[in-house]
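Reading through the structure tokens given below for one structure.
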Protein chains: 2
Amino acid sequence: MTDRVPADDPYHELREAIVGGQLHPNERLTETSLAERLGAGRTAVRAALVRLDQEGLITLERNRGARVRHISDAEALEIEEVRAALEGMLARRAASRIGASDLRSLHDVLGRMRDRVEQGDSIGYSELNATFHQRIWAAAGHPTASRIVGSLKSQAIRFQYQTALRPGRAQRSLTEHEAIFAALKAHDADAAETAMRNHLAEVLDTLRWAIESQHKTARWLPG
Amino acid sequence: MTDRVPADDPYHELREAIVGGQLHPNERLTETSLAERLGAGRTAVRAALVRLDQEGLITLERNRGARVRHISDAEALEIEEVRAALEGMLARRAASRIGASDLRSLHDVLGRMRDRVEQGDSIGYSELNATFHQRIWAAAGHPTASRIVGSLKSQAIRFQYQTALRPGRAQRSLTEHEAIFAALKAHDADAAETAMRNHLAEVLDTLRWAIESQHKTARWLPG
DNA sequence: CTTGGCTAGATTGTCGACATTATTGACGAT
DNA sequence: ATCGTCAATAATGTCGACAATCTAGCCAAG
């Protein structure tokens, strides 16, 4: 299998490396070494770095080079808040536009999520969770909001699995998703937005809890 | 007021030129001529173009150069929807955090808005309107959301004054802003979000109306 | 008169070299 | 021993030149 990368241009490769966790927060990125590793020229790497900076995945300081951006806990919470607002709107839109085939596909994902909960597979559940939300964005037919939400998601990727640590969270999360699905199936815009906002408010609370409990166990670890 | 330019680097200058309307939608941007006009090197111009592309203000096609991005009517409506969702959240946050001095400043802006309505000065009103909203973003203390909303605003700049064309709109807009202010002053988060969402729903409707009536008068003008 | 291919010009993409700026480590003063 | 200063080194910022690519206009064939 030839590692299917969206493209071999430095931008996408770097993006994958950051989002995929190969490059760690605060890690220094020197243009020449990146150019070497990616088999590209320094010019192309520079262009990629500018894009990633604008996208919020790295920070670019004049004459001081690039680092993988470290998203603070506070910032992660902010991102989650924005997601809540936008996904609430997307759910509302999706409720009135979603078609039968998208509903079936959502129902299928939901079923697989239920399996994962029963098997206690948190990682698998988190990934299906992401899929579930993405299907809703697609059904909403709102490129502008989807783009923004997608960008935010990759910034906060480091926190993706944190919420799964809380005991019993997966079970309740599943219930919340079922409520969202029901509202979408009924094409009830108000209910869909409410259900989505409720769900993401819970996620936000859980994230606060996860960050809090992390601070208790490891108070001054770098990271 | 001496048109305060953030810096003389090509990125900010180009940004100002696009947002300020000196460069028109779909206008071709050639690197050499830009470099000449800005007194900068082609390298710096290229970097600026990459940033502006990522920001959505221009489109950059490989080997085909850059153009000022044309925001379609549909896209403008999408942007306004996202703004509504985000500003609703920001108003909610602002309600619980806004201090006395920010409230005074908001009240002051509101007063000047009232003056403009009485004088029938639509342009002046629109600008104060923008100021009013920006003060709320600042009071919300939410950099992530503020950045996104600010970026969206500059993309949709072309539509800024469109809503002012509707007869009687300014008067009702003023009333809506007064409701927002009252909720903020009372530190009522729910009311603030509701008032802001109501307001932006009205703006969205008015924008739909403006676009509609424009299509009636000039059906196939390029643009 | 229209359509298709082709050439000339213009524009972008890439590379290498050099100037400018930060960082690191050694050295000497206190 | 600690701190401040300064040179050596490494990295970034900028420029110019050349290659690759697109665009516009011309010319011939149908």
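Lettering of chains follows the sequences in order, A, B, ..., and the numbering in each one begins at 1.
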* Asked: Which whole-number value in Å describes the distance from A/Arg46 CZ to C/dG16 C1'?
  -> 14 Å

* A/Leu49 CG - D/dG13 P separation (whole Å) -> 9 Å

* Asked: Rounded to whole angstrom units, what separation is found between the CG atom of A/Asn63 and the P atom of C/dA19?
  -> 16 Å

* **Any donor-acceptor N/O pair, B/Arg69 side chain to B/Ile58 backbone, under 3.5 Å** => no

* Length of the CG-P vector between B/Leu38 and D/dT14, whole Å -> 14 Å

* Among C/dC15, D/dT12, C/dG13, which is the nearest nucleotide to the side chain of A/Thr43? -> C/dC15

* Closest heavy-atom pair and its distance - A/Ser154, A/Leu57 -> O-CD2, 3.8 Å

* side-chain N/O B/Arg42 vs D/dG16 OP1/OP2, d < 4.0 Å -> no

* How long is the line joining CD1 of A/Ile58 and P of D/dT12, in whole Å? -> 11 Å

* Determine yes or no for a side-chain-to-main-chain donor-acceptor pair under 3.5 angstrom, with B/His70 supplying the side chain and B/Pro25 the backbone. => no

* For B/Leu29, answer base if it contacts any base atom (sugar-phosphate contacts may also be present), sugar-phosphate if it contacts only those atoms, and nothing otherwise; contact means non-hydrogen atoms under 4.0 Å. => sugar-phosphate

* **Distance in angstrom units between A/Arg51 CZ and C/dG13 P, rounded** => 12 Å

* To do: Using atom CG of A/Asp53 as one end and atom P of D/dG13 as the other, report the distance to the nearest whole Å.
  => 11 Å

* Please determine, for the side chain of B/Thr30, which listed nucleotide (C/dG13, C/dT11, D/dC15) has the closest atom? => C/dT11

* Structure fact -> Regarding the side chain of B/Arg28, the nearest nucleotide among C/dT11, C/dC15, C/dT23 is C/dT11

* **Residue-phosphate contact under 4.0 Å: A/Arg64 side-chain N/O, C/dT20 OP1/OP2** => no

